[in-house]
Every structure is written in structure tokens, then in C-alpha cells.
Amino acid sequence: MQHAVGSPLPPPHQPGQGPHAGWAPAPHQPAAQRPAPYQSAAHPQGPHPGAPRRPAPVPPPPPGFPATPPGPVPPAPQQPPASHRSPAPQPPVPHPSTAPQQPPAPSGPASAQHAPAPSGHDATGHVPLPPGGPVGTPAAPPVPAPDPSAATLAVLLIGPAGAGKTSVAKYWADHRRVPTAHISLDDVREWVRSGFADPQSGWNENSEAQYRLARRTCGFAARNFLANGISCILDDAVFPDRPVVGLGGWKRHVGPGLLPVVLLPGLDIVLERNAERTGNRRLTDEEVARIHGRMAGWYGSGLPIIDNSQLDIPGTAKVLDEVLARAIASPPSW
């Protein structure tokens, strides 16, 4: 069965219906081109308008299906006019999740017309960005240097006789902004009035025992001061080559936070200052020279050393503050 190009297709065949059921051609199709609703060999030009329609022959059933019982065939329903006809069913639209992926649009002259003009810099949206580069790590804020005049400290001032240990320690304790005590080992040793073992008479068992007792007493007092927020500065002639009077005992009695500093002026300065002393504090020149030579072993020990040969007491105390500030930031290993 042939249909004119541009006319809608007839509805699907239903049982008892055929191509003769009649359906209205497209309204825009000219009447001269519309196909005849029915043609037969007896009437090539179609039936007479007033003649009754004959039922279409029923095709034989497919093999394996029962034949339709004979009987009157119900008339085919009349199709509504084209203006009242419902639109043809549309194929189902697949869900976006199941829709097949469309291939990317081909790049060519057509797409190049809508592509933005390339720029010399990277861009995000419509905001051009500067060229990329390494981002430096922000510098840490400067850490203020510790103030030794306001911190609670325990300082051990070491030096030979005549180095000025006691004078500098008293001045430094007097001019601090926080409570500070001065503890001199020689003063504690002289607390023993009867039976005092004078070291000028020689180093023996009695003098060593009294020295250990005085050092332990100084350490006990220093710990009590520190526990109550009071700094302390101690002075002693500690020898680097004698473990009996070495730093180990002071560290054990005061604590690991003890900061040792060495005062070591020249030999001529030490002899001059020793000559100004009186009583049992004054030593012979030979003994002073011997002690001074043994104190030279502190060089290379890692402890801070102050040569106060050309410094007065206030100047030496100022340098001591500077040395302590560095020692607080980086404690010495001893």
C-alpha cells in the first residue's frame, strides 16, 4: 500500500480492521494527491459515494493460533478530524543517568568561532591570574631575647683567688630587678669557728670534709631560694681537673638548671688583687700562680669565660648579663 510523501501514517492495524478502515489524510495535502480510501479491481476509481462499504477479508491466522470464529465484524471506529486528533506518541526519553554519552563536539572551524581567544596568562573565570611561582614560607615572628635581669636563675661564678668572684656576685645580685641572693662558699666554710680547717694550711681530710659540707649547704640553700622564686648566685674556685671540687657536685646539689660562668683575668691582675687582701683570704704568690694555671683548663670546656682584666665590677656584671642571656637561649653542655 502506497502513501503520499508528507502525509501521516495510518494507525496500526487492529483485529477486524484493515487498510480500508479509512483515515483522514493530512489537511495540508492537496486533494488531487490524496490516495483513494479504497480501490478494487471492479471499481478502479473507488466505490460510489453512496454505496455501502464491504467488510475487509480477514487474513488467515498464523500457524499454531486458533482461527477467529465467523461472525459479524464490528465497524471500525471513525477517526476524528485532523484538527481534533491527539498528537502522535513520542518515543520515551531516556533518564539522564542512563542516557548514552554524546561524543564531544568536533573541533573545527565552527567550534573555533565560539572559542575564547587564548590569553598569555592562566585564567580562572574572567579574572586573569599572575604567572605561577614558588610560594615562600612566611617568616616566623622574631623571638625576643631573654632578659636575664628578670628571670629566676641559679648562677655559679667560677674563678681563681683574686678574680673578683665575690665582688662581682654581690654587685650583680644587688642590681637585679628580681629578688636575688648571693651565696659564697668561702663564707659558708667560715661558719665553722672552732676546728676550722683552713685550706692555707694544706688540703687534707678535714679540709675536704668541711668543703663538701659547705657545698652541700650552699646547694640546699640555693634550692630553697629557687623554690620560693628567689634567684641566687654562688661563687667558688672550682678546678677543672679535680673531681672532688668539680662541677658534678654543684650540679647534683643545686640542680641541672645551674649556669656556670668562668671569670679568668690575667695572672698579673690576679696577683695584684690578691696583694690587697688581708687575713686568711690572702694567699702566697706561688699558690695564686698555681691555682691560676690550673684554671686555664676551662678553655675548651664549652663553658663561657669572661676575661675581666680590663673591666671594673659594673662592666663585668654587664658582660655577665650578656653571657647569661646566651646561656638561657642555648644552655651549655657540662
Side-chain angles (χ1 to χ4, degrees), residues 155-173 182-193 196-219 222 232-250 253-254 258-301 303-317 319-320 323 334:
V155 182
L156 176 61
L157 211 55
I158 302 171
K165 301 184 301 297
T166 302
S167 300
V168 173
K170 287 182 178 179
Y171 182 91
W172 185 80
H182 169 233
I183 305 174
S184 175
L185 183 131
D186 288 342
D187 292 343
V188 175
R189 288 176 66 181
E190 291 178 356
W191 288 355
V192 179
R193 308 303 298 174
F196 171 66
D198 192 350
Q200 294 185 6
S201 303
W203 189 264
N204 51 41
E205 294 181 358
N206 292 334
S207 58
E208 180 177 336
Q210 292 186 9
Y211 172 82
R212 289 176 179 272
L213 177 60
R215 185 177 62 183
R216 187 165 56 250
T217 303
C218 292
C232 58
I233 182 169
L234 307 99
D235 65 87
D236 183 23
V238 181
F239 294 94
D241 56 349
R242 290 190 65 181
V244 176
V245 291
L247 283 177
W250 284 107
H253 294 304
V254 178
L258 183 65
L259 299 176
V261 180
V262 180
L263 288 183
L264 192 55
L267 178 58
D268 53 342
I269 302 298
V270 171
L271 292 173
E272 180 181 350
R273 293 175 180 174
N274 179 69
E276 298 174 357
R277 291 183 173 185
T278 59
N280 59 353
R281 296 290 183 93
R282 181 175 179 175
L283 304 178
T284 63
D285 292 346
E286 292 76 9
E287 185 67 16
V288 171
R290 185 179 62 84
I291 294 175
H292 186 275
R294 295 174 62 180
M295 289 289 177
W298 289 117
Y299 286 104
S301 63
L303 297 184
I305 298 177
I306 299 176
D307 183 358
N308 58 334
S309 300
Q310 306 298 326
L311 298 176
D312 56 3
I313 295 177
T316 305
V319 176
L320 177 61
V323 170
W334 53 280

Could you tell me whether the side chain of [Y] reaches within less than 4.5 Å of the side chain of [X], counting heavy atoms only?
X	Y	result
Trp250	Pro260	no
Leu156	Val254	no
Pro265	Arg273	yes
Arg282	Thr278	no
Glu287	Asn274	no
Leu247	Ile158	yes
Leu264	Trp298	no
Val261	Leu320	yes

Nearest 0.5 Å, what's the [atom1]-[atom2] distance between [X] and [Y]?
X	Y	atom1	atom2	answer
Ile233	Leu259	CD1	CG	10.5 Å
Lys165	Asn308	NZ	CG	10.5 Å
Leu213	Arg189	CG	CZ	11.0 Å
Phe196	Gln210	CZ	CD	6.5 Å
Ile305	Met295	CD1	CE	11.0 Å
His292	Leu271	NE2	CG	8.5 Å

**Request:** Verify side-chain contact (heavy atoms from CB on, under 4.5 Å) between Leu185 and Asp235, making sure each step is shown before the conclusion.
**Result:** CA-CA 6 Å; Leu185 183 131; Asp235 65 87; 5.8 Å; no

**Request:** For the pair Arg215 and Asp236, find out whether any cationic side-chain nitrogen is under 4.0 Å from an anionic carboxylate oxygen.
**Result:**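 Result for this pair is no, no salt bridge flagged.
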
**Prompt:** In terms of side-chain geometry, is the basic nitrogen of Arg290 or Glu286 positioned less than 4.0 Å from the acidic oxygen of its partner?
**Reply:**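 Result for this pair is no, no salt bridge flagged.
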
Minimum heavy-atom separation for [X] to [Y], with atom names?
X	Y	value
Pro304	Val323	CB-CG1, 3.3 Å
Thr166	Ser184	OG1-OG, 4.1 Å
Ile291	Pro160	CG2-CB, 3.8 Å

**Asked** Between Asp307 and Ser309, does any side-chain donor sit less than 3.5 Å from a side-chain acceptor?
**Response** yes

**Item:** Donor-acceptor pair, side chain of Ser167 and main chain of Gly164, under 3.5 angstrom
**Value:**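 No, Ser167 side chain to Gly164 backbone: no donor-acceptor pair under 3.5 Å.
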
**Request:** Identify, with sequence neighbours excluded, every residue that meets side-chain hydrogen bond (donor to acceptor under 3.5 Å, both in side chains) alongside Asp268.
**Result:** none

**Message:** Asp285: which residues meet the side-chain hydrogen bond (donor to acceptor under 3.5 Å, both in side chains) condition with it, sequence neighbours left out?
**Reply:**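 Scan of Asp285 (side-chain hydrogen bond (donor to acceptor under 3.5 Å, both in side chains), adjacent residues dropped) gives none.
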
**Prompt:** Can you check side-chain contact (heavy atoms from CB on, under 4.5 Å) on Ile313 and Trp172, steps first, answer last?
**Reply:** CA-CA 9 Å; Ile313 295 177; Trp172 185 80; over 6 Å; no

**Message:** Pair Val238, Val262 - check side-chain contact (heavy atoms from CB on, under 4.5 Å), show working.
**Reply:** CA-CA 9 Å; Val238 181; Val262 180; over 6 Å; no

**Asked** Hey, mind stepping through Val155 and Leu258 against side-chain contact (heavy atoms from CB on, under 4.5 Å) and telling me if it holds?
**Response** CA-CA 6 Å; Val155 182; Leu258 183 65; 5.9 Å; no

